[in-house]
K.L.:
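Encoded as structure tokens, here's the structure I'll be asking about.
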Amino acid sequence: MKAIITQLVIQFKSDLRDKGILMVYYLVPMLFYAVMGGIMKTLSMDTGASLTLSITIFTVSMSAYLGMPATLVKAREQGILEAYRAAGIPSWSLPFAVIVISTLHIMIAAVIIMASAPYIFGAVLPKSIAAHLLTVLLTALCSQSLGALTACFVKKQNTMTLAAQCLFLPSIMFSGIMFPAELLPKPMQWIGEVLPATQGARLYGGACLQLLPLAVLAGITVAAFTVSAALFRKISERK
Amino acid sequence: MASSITAENLRKAYGKKEVLRGVSFCIEQGETFALLGVNGAGKTTTIEIIENMRRADSGGVTVNGILGVQLQSTSLPETITSSEAMRLFCAWHKVPYRGDLLERFDMAGEYLNMIYAALSTGRKRRLHLALALCHNPSILILDEPTAGLDVEGRHALHDEIRKLKSEGVSILMATHDMSEAETLCDRIAILRGGVITKLGSPLELTASSDIQSKITVKTRGSAEYKTFSAINTADFLTEFLLKVKAENDEITDLRVERADIEDIFLEAAGGAK
């Protein structure tokens, strides 16, 4: 237990020194937040709860698809996983720490957005902060389960960048956070239905958590993490 | 003396390519043992099987002791600091933080909080060696420990390996560096095509060679140096001394250049120096 806590603390501290990680988890989402908030305010659009939700889903998708999987693929590509294994450190500890700390980064960014949007852009605070944060957490875990699954199939970092776009772009375009999903062609709407971003955007309807999106998110999360764990075991076992 | 590592008839193939074809050796407690071989000879595969990172197709390995491992191509997260890495490794091995090891390997002071990516190759090697020793292993496995190091870095690492040897740690190292193997190791195994073609102490290997020694002599009676070649140097010198004595002459200078490990290695590998 002490070892895994030590690893989590070290993972968090070393992430904060990594410019690439700071860019993906904080800088780009915050820039997007500033630009989108500015546009909505300038056009006198209703920023209500939609700004907070849109930017948070964007942040979740960016971190879960472009940030976390790249760290896992890098660890595999650079031999970090092998070094840990050779030293007697369990192979699962690294992806576990990366996913847990990635979730923490996402939650920090979500809190920053939620707390600052009312003051900067006149957005309203979610009716239930706990339900909003739970929505973010579930969406983050579900998105990361898909990110982790993708990372199991990819060996090179540059391939991961391309693979991540296949998850990130549809999440932003088809989930309804940028514009109403009903305006999209049907096939795009169908794709959107299986993306965590879409279900996450629907999960918290302002009063309580919706059951169907919750079930879809939970199903995807359990299935993707189970398959990822099995694949990862296969990757890291003795050759 | 008990063996630290015993490898028996190890066999391993990657697809149709047989990389190990019956490798057997044992390493005694406190012994420093080198596996020499060209690329693809099977050194790393042998070491990975001993480390339990790879599974042999047949044969077995017995390890009597706690293993510490430094891999050939090893890495740490780019933004982890030396002290954090040590803290992490110690935590997983359930031992207190080993700042003493970082000091011993000259990784204290400014290097303590330096991130991994900012360390030079030599410093990274030192850090990995310190990490491999954090749980006081009785057996240390080093795969190409000095690859990519400059002369100074290599000497510093050699000194550390000598210190570890004096502390009774058994060391198995795979290396390309002949002089490293000759000066640091008690015994050397030369791997070629997945089999051990020569095994013995550096002296035994050079003495058992069929490579001729080069003997350069100057006597009082001759104006110039004369050079001879001999397989059995002792017999040649005994005979030569008797001849010189019989001629009432006297040796004024003598130089014997025996085959070194590099010659033996090239002989075993079928090449030429």
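What you see is a predicted model; the values in this text were computed from it and never measured. When reading the values below, keep in mind they use all heavy atoms of this one structure, side chains included, and skip hydrogens, waters and symmetry mates.
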K.L.:
Sort by residue number and list every member of residues 89-100 of chain A having a non-hydrogen atom under 4.5 Å from chain B.
P.N.:
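Expected list: I89(A), P90(A), W92(A), S93(A).
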K.L.:
State whether the number of non-hydrogen atoms from other residues, nucleotides or ligands found under 6.0 Å of M173(A) atom CE is greater than 12.
P.N.:
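No, not enclosed.
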K.L.:
Only heavy atoms, only distances under 4.5 angstrom. Which residues in residues 60-71 of chain B are near chain A?
P.N.:
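So the qualifying residues are V69(B), L71(B).
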K.L.:
F105(B): which residues meet the ring pair (Phe, Tyr, Trp, His ring centres under 6.0 Å) condition with it, sequence neighbours left out?
P.N.:
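Expected list: none.
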K.L.:
Taking 4.5 Å as the heavy-atom cut-off, does anything in residues 76-88 of chain B contact chain A, and if so which residues?
P.N.:
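Heavy-atom contacts from residues 76-88 of chain B to chain A are L76(B), P77(B), E78(B), T79(B), I80(B), T81(B), E84(B), R87(B), L88(B).
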K.L.:
To the closest 0.5 Å, what do you measure between CD (Q78(A)) and OH (Y116(B))?
P.N.:
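Nearest 0.5 Å value for the CD-OH distance: 9.0 Å.
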K.L.:
Find the one option among A86(A), A3(A), G79(A) whose heavy-atom pairs under 4.5 Å with chain B are most numerous.
P.N.:
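Maximum pair count with chain B is reached by A3(A).
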K.L.:
Sub-3.5 Å donor-acceptor pair from the side chain of H93(B) to the main-chain atoms of A87(A), do we have one?
P.N.:
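Looks like yes, one N/O pair under 3.5 Å.
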K.L.:
Under 6.0 Å from the OH atom of Y14(B), do we count more than 12 heavy atoms belonging to anything else shown?
P.N.:
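For Y14(B), atom OH is crowded (more than 12 foreign heavy atoms under 6.0 Å).
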K.L.:
With a sphere of 6.0 Å drawn around CE of M23(A), does it hold more than 12 non-hydrogen atoms of other residues, nucleotides or ligands?
P.N.:
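Open: at most 12 neighbouring heavy atoms sit under 6.0 Å from CE of M23(A).
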K.L.:
With a 4.5 Å cut-off on side-chain heavy atoms, are Y84(A) and W92(B) touching?
P.N.:
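The answer is no, as the side chains (C-beta and beyond) never meet within the 4.5 Å cut-off.
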K.L.:
Given that the side chain runs from C-beta out, which part of L16(A) has a heavy atom under 4.5 Å from chain B: side chain, backbone, both or neither?
P.N.:
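Contact with chain B: none, neither part.
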